[in-house]
Amino acid sequence: MNVLIAEDDPVLSLMLQQMIRELNHHPDIVEKGADAVEQALACEYDLILMDIMLRDDVDGIEAYKKIREVKEIPLIYITGNTDSGYRKRADKIGFHAILPKPVSFEELKAAIEALETIR
């Protein structure tokens, strides 16, 4: 699978990239919500891993909303944000899973495998 990772923490971004490679998938990384939208619309991705809080004024929820207006790409949120307001916004747009930071390899693998079984 081609996987877009939208994460502004450089350490977590590298960890996710390595995990995706260990699962024999191909990662691309962006740090900003606007870049996630641009990249997702310009390329073909099978999955997006997205943080809710990103570096610019476009958070992960808004970025995914813009992507979904054009393409249907499954999304897994990876976030340290447990605010119920963000969860309600995310629920309205849809997603495959929400994984808490720090995400473990086993959690990520299970979420991706669950997605692969329904595709």
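What you see below is based on every heavy atom in this structure, not just the backbone, and it leaves out hydrogens, waters and symmetry mates. What you are looking at is a predicted structure, and each value in this text was computed from that prediction instead of being measured.
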Student check: side-chain heavy atoms of Ile112 and Ile76 closer than 4.5 Å: yes
Any idea which heavy atoms bring Tyr45 and Leu4 closest together, and the distance? CD2-N, 3.5 Å
Does anything in residues 90-100 pair up under side chain to side chain donor-acceptor pair (under 3.5 Å), and if so which pairs, sequence neighbours excluded? Arg87-Asp91
NZ of Lys109 to CD of Glu116, rounded to nearest 0.5 Å, is 10.5 Å
Over all atoms of both residues, closest heavy-atom pair of Ile67 and Val37: CG1-CA, 3.9 Å
Does atom CD of Glu107 have more than 12 heavy-atom neighbours, drawn from other residues, nucleotides or ligands, at distances under 6.0 Å? yes
Drop me the distance from Glu31's CD to Asp9's CG, to the nearest 0.5 angstrom. 9.5 Å
Test of understanding: with side-chain contact (heavy atoms from CB on, under 4.5 Å), list the residues that count as partners of Glu106, not counting sequence neighbours. Ser104
For the CG atom of Leu108 and the CD1 atom of Ile78, what is their distance to the nearest 0.5 Å? 5.5 Å
Report the C-alpha distance between Asp51 and Lys101 in whole Å, list the side-chain angles of each, state the deciding distance to 0.1 Å, and finish with yes or no for salt bridge (Lys or Arg N to Asp or Glu O under 4.0 Å). CA-CA 9 Å; Asp51 189 0; Lys101 288 182 182 180; 2.8 Å; yes
For a quick test of your reading: what N or O donor-acceptor pairs under 3.5 Å do the side chains of residues 58-65 make, sequence neighbours left out?
unit_1, atom_1, unit_2, atom_2, d
Asp59, OD1, Ile61, N, 3.1
Asp59, OD1, Glu62, N, 2.8
Asp59, OD1, Arg89, NH2, 3.2
Asp59, OD2, Arg89, NH1, 2.9
Asp59, OD2, Arg89, NH2, 3.2
Tyr64, OH, Ile73, O, 2.5

ring-ring contact (aromatic ring centres under 6.0 Å, His included) involving Tyr77 - partner list, sequence neighbours excluded: Phe95
Gap between atom CG of Asn2 and atom CD of Glu44 - 0.5 Å precision: 9.0 Å
Qualifying ring pair (Phe, Tyr, Trp, His ring centres under 6.0 Å) pairs with a residue from residues 11-33, counting only residues at least two apart or across chains: none
N/O donor to acceptor pairs below 3.5 angstrom from side-chain atoms of residues 11-21, sequence neighbours left out:
unit_1, atom_1, unit_2, atom_2, d
Gln18, NE2, Glu22, OE2, 3.4

Rounded to the nearest 0.5 Å, how far does NZ of Lys71 lie from CG of Leu41? 6.0 Å
So how far is it from Cys43 SG to Asp28 CG, rounded to the nearest 0.5 Å? 6.5 Å
